[in-house]
**Q** 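Sharing a structure, written as structure tokens. Questions coming.
Each chain gets a letter, A, B and so on, in the order its sequence line appears, and its residues count up from 1.
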2 protein chains.
Amino acid sequence: MTAAFSSYQNPSLAVDLVVFGYDKEALSVLLLNRKEAPFKNQWTLPGAFLQLEERFLETCQRILETKLGLTNIYLEQLYSFDEPDRDPRGRVISVAYFALVNPENYQLTAGKMANDVKWFPLADLPSLGFDHAAIVRKSVERLRAKILYHPVGFELLDQDFTLPELHHLFEAVLDTKLDRRNFRRKILDSHIILPTGQKKTGAQNRHPDLYIFNKAIHPNQFNLSITPNSKA
Amino acid sequence: MTAAFSSYQNPSLAVDLVVFGYDKEALSVLLLNRKEAPFKNQWTLPGAFLQLEERFLETCQRILETKLGLTNIYLEQLYSFDEPDRDPRGRVISVAYFALVNPENYQLTAGKMANDVKWFPLADLPSLGFDHAAIVRKSVERLRAKILYHPVGFELLDQDFTLPELHHLFEAVLDTKLDRRNFRRKILDSHIILPTGQKKTGAQNRHPDLYIFNKAIHPNQFNLSITPNSKA
DNA sequence: TTTTGTTTGCGTCATAATAACGCATACAGT
DNA sequence: ACTGTATGCGTTATTATGACGCAAACAAAA
């Protein structure tokens with residue numbers, strides 16, 4: 001069935017993805033170097049046009065699989081962008097999703113549509129095509145707000161992780177220093193993680209305890225009142 | 001220009017509005033009784049198809065003006081809904097916005113497209129056409145979360161309002177009892193409202209002080225940790 | 001073996017925030 | 001003047017928070 005019952009002309013509908021990754025160092029975003037116009041040879045977010053019978057999440061999967069070689073990823077709808085001139089080809093509405101990925105678990109494969117796929121640390125993004133800079137900005141904003149009161153972010157780590165690793169992740173995401181000991185107390189009090197009883201060996205110093213994410217915690221009963229260190 | 005550059009067929013794009021109102025009693029939603037199929041004579045959210053050169057907010061304004069006779073309203077994008085069968089006429093994506101209105105300031109006018117327009121208290125909604133029940137559910141969720149840490153909700157009151165009025169509004173929005181005195185303390189400490197120096201006269205009892213919303217407060221420095229009363 | 005440098009885990013303490021609740025004042029109506 | 005009720009202000013015990021000290025654990029160096 002067509003959508004021609006509407007007396008209006010329909011804009012095109014695209015789905016764009018902000019894929020966040022964390023490599024034990026910085027928070028990064030996955031960008032794609034375009035092989036075709038518009039914005040040929042420029043970096044943009046991975047995206048695709050919505051097919052008529054497709055749900056947003058299916059479009060997301062399609063992008064992740066065919067363009068990036070990723071599957072089974074945390075996805076969340078971010079916002080829909082509607083600037084009339086955001087795409088030089090004409091009117092395109094973009095529904096943006098953001099994804100959280102542990103880069104170690106996946107092998108990036110630049111699909112045939114792209115010259116290259118690469119992780120860019122948030123602090124070091126190239127200039128982006130379309131309005132994708134605004135989309136990234138808004139998704140960072142959302143992620144930073146959300147991680148404080150929702151159990152999210154663990155998708156960026158290994159299944160088993162240490163408290164110092166989680167601590168460093170939070171500092172990277174929030175771009176701030178957090179007192180190590182207060183962070184530990186708040187996380188443990190929240191019961192959002194469970195000790196595995198094992199320790200992560202191999203490090204030069206004291207071996208930290210390993211934890212896993214506690215899926216039994218209800219999102220609504222989770223709230224960290226994380227405050228940056230006052231001292232630089 | 002058409003959007004035919006895309007090799008895909010485009011779904012229709014609609015904007016639907018969840019208009020919240022508060023009548024000193026309960027939180028209400030504005031519903032529209034449809035004059036035409038589908039869902040003829042049933043209640044739905046006000047909405048319209050997006051015109052090709054139109055921005056979402058412009059569609060919102062158009063709906064508010066032509067269908068409801070409202071202007072200059074607080075609007076915020078809620079979410080985009082994509083269930084393939086949400087509209088029996090075919091594939092229609094809906095971008096939902098929610099609005100906050102003080103019903104006293106406006107005269108409702110059911111446009112020619114509708115049989116009737118009416119406020120429905122949240123606790124007493126009729127069954128809704130399309131997937132509009134889900135849209136309302138999500139927008140209530142959003143409003144309840146947002147009012148706790150963002151200076152929002154004052155749009156539902158008169159320009160000048162009393163603290164007991166604000167207190168009752170919060171109880172209505174959150175659907176819970178809040179300790180009157182603790183609520184007062186937190187609101188005043190937040191500086192989100194400013195005393196006008198005047199009192200609201202006419203009541204049978206002690207005349208409460210009047211306040212106005214303090215627009216100078218930056219949203220990020222506003223946070224109420226409001227807790228329901230433990231005692232019923 | 002001992003020492004060194006560093007990280008991890010646990011604990012302390014002063015201060016701030018919070019929930020629960022008491023009480024006098026200001027009204028209009030009686 | 002009295003009554004009933006809502007408003008405004010205040011108190012207190014408890015909890016949460018920020019800042020920070022310290023010993024144990026580890027690998028590598030001495």
Side-chain angles (χ1 to χ4, degrees), chain A residues 24-25 147-149 157-158 160-172 174 176-212 221-232, chain B residues 24-25 147-149 157-158 160-172 174 176-212 221-232:
Chain A
K24 317 260 174 204
E25 268 303 317
I147 202 175
L148 293 178
Y149 62 90
L157 296 173
D158 297 331
D160 290 25
F161 54 87
T162 70
L163 246 164
E165 283 169 356
L166 187 65
H167 176 235
H168 191 271
L169 167 65
F170 269 69
E171 290 192 331
L174 298 172
T176 186
K177 289 286 174 191
L178 304 171
D179 183 274
R180 181 174 59 85
R181 294 146 290 188
N182 292 338
F183 177 81
R184 162 186 298 275
R185 183 184 51 199
K186 284 174 184 173
I187 291 288
L188 289 178
D189 287 355
S190 77
H191 295 104
I192 193 63
I193 63 177
L194 297 173
T196 64
Q198 308 215 298
K199 288 175 184 299
K200 174 164 187 152
T201 59
Q204 181 170 339
N205 308 311
R206 178 171 182 172
H207 295 171
D209 298 339
L210 282 168
Y211 295 85
I212 57 170
Q221 67 200 47
F222 175 74
N223 184 30
L224 303 175
S225 69
I226 296 273
T227 327
N229 286 2
S230 59
K231 293 199 173 181
Chain B
K24 317 260 174 201
E25 269 302 319
I147 202 174
L148 293 178
Y149 62 92
L157 297 172
D158 297 332
D160 291 25
F161 54 88
T162 71
L163 245 164
E165 283 169 354
L166 187 65
H167 176 236
H168 193 270
L169 166 64
F170 269 69
E171 292 192 331
L174 298 173
T176 185
K177 288 288 174 190
L178 304 171
D179 184 274
R180 182 175 59 85
R181 293 146 293 187
N182 291 337
F183 177 82
R184 162 186 299 274
R185 172 168 47 85
K186 285 175 184 172
I187 291 288
L188 290 178
D189 287 356
S190 77
H191 296 104
I192 193 61
I193 63 176
L194 296 173
T196 64
Q198 307 217 298
K199 289 176 182 297
K200 174 163 186 156
T201 58
Q204 180 169 339
N205 307 313
R206 180 171 182 170
H207 294 171
D209 298 339
L210 282 169
Y211 295 85
I212 56 170
Q221 67 200 47
F222 175 74
N223 183 31
L224 301 175
S225 69
I226 296 274
T227 328
N229 286 1
S230 60
K231 294 201 171 180

**Q** State whether the distance check finds a donor on one side and an acceptor on the other, under 3.5 Å, for side chain A/R206 versus base C/dG5.
**A**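 Flag unset: no donor-acceptor pair detected.
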**Q** Give a yes/no on whether any side-chain N or O of A/T162 is located under 4.0 angstrom from OP1 or OP2 of C/dT8.
**A**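 No.
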**Q** With hydrogens left out and only the distance checked, is there a donor-acceptor pair under 3.5 Å joining A/R184's side chain and the base of C/dG11?
**A**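 Looking at the base of C/dG11, it does not pair with any donor or acceptor on the side chain of A/R184 (distance under 3.5 Å).
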**Q** Any idea which heavy atoms bring B/L178 and B/H167 closest together, and the distance?
**A**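 For B/L178 and B/H167, the tightest heavy-atom pair comes out as O-NE2, 2.7 Å.
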**Q** Hey, does A/T201 reach any base, or is it just sugar-phosphate, or nothing, if we go heavy atoms under 4.0 Å?
**A**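 A/T201: no heavy atom of the nucleic acid under 4.0 Å.
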**Q** Take the protein atom CG of A/N205 and the nucleotide atom P of D/dA27, then report the distance between them rounded to whole Å.
**A**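 So the two atoms are 9 Å apart, to the nearest Å.
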**Q** Between B/K186 and A/N182, just flag the one whose closest nucleotide in DNA chain C comes earlier from the 5' side.
**A**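 Mapping each residue to its closest nucleotide by heavy atoms, the 5'-most match is A/N182.
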**Q** Can a donor-acceptor pair be found, under 3.5 Å and without considering hydrogens, that links the side chain of B/E165 to the backbone of B/K24?
**A**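 Flag not set: sc B/E165 to bb B/K24 has no pair under 3.5 Å.
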**Q** Just N and O in the side chain of B/H167: are any of them under 4.0 Å from OP1 or OP2 of D/dA6?
**A**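 Looking at the OP1 and OP2 atoms of D/dA6, neither is under 4.0 Å from any side-chain N or O of B/H167.
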**Q** Pick the nucleotide of DNA chain D nearest each of A/Q204 and A/R180; which residue has the one closer to the 5' end?
**A**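 Per heavy-atom nearest nucleotide, the more 5' residue is A/R180.
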**Q** Using modelled atom types and a 3.5 Å cut-off, is there a donor and acceptor pairing between side-chain atoms of A/H191 and backbone atoms of A/D189?
**A**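 Indeed, once roles are kept as given, a pair shorter than 3.5 Å links the two residues.
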**Q** Taking atom types as they are modelled, would you say the side chain of B/R185 forms a donor-acceptor pair with the base of D/dG10 within the 3.5 Å cutoff?
**A**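 No.
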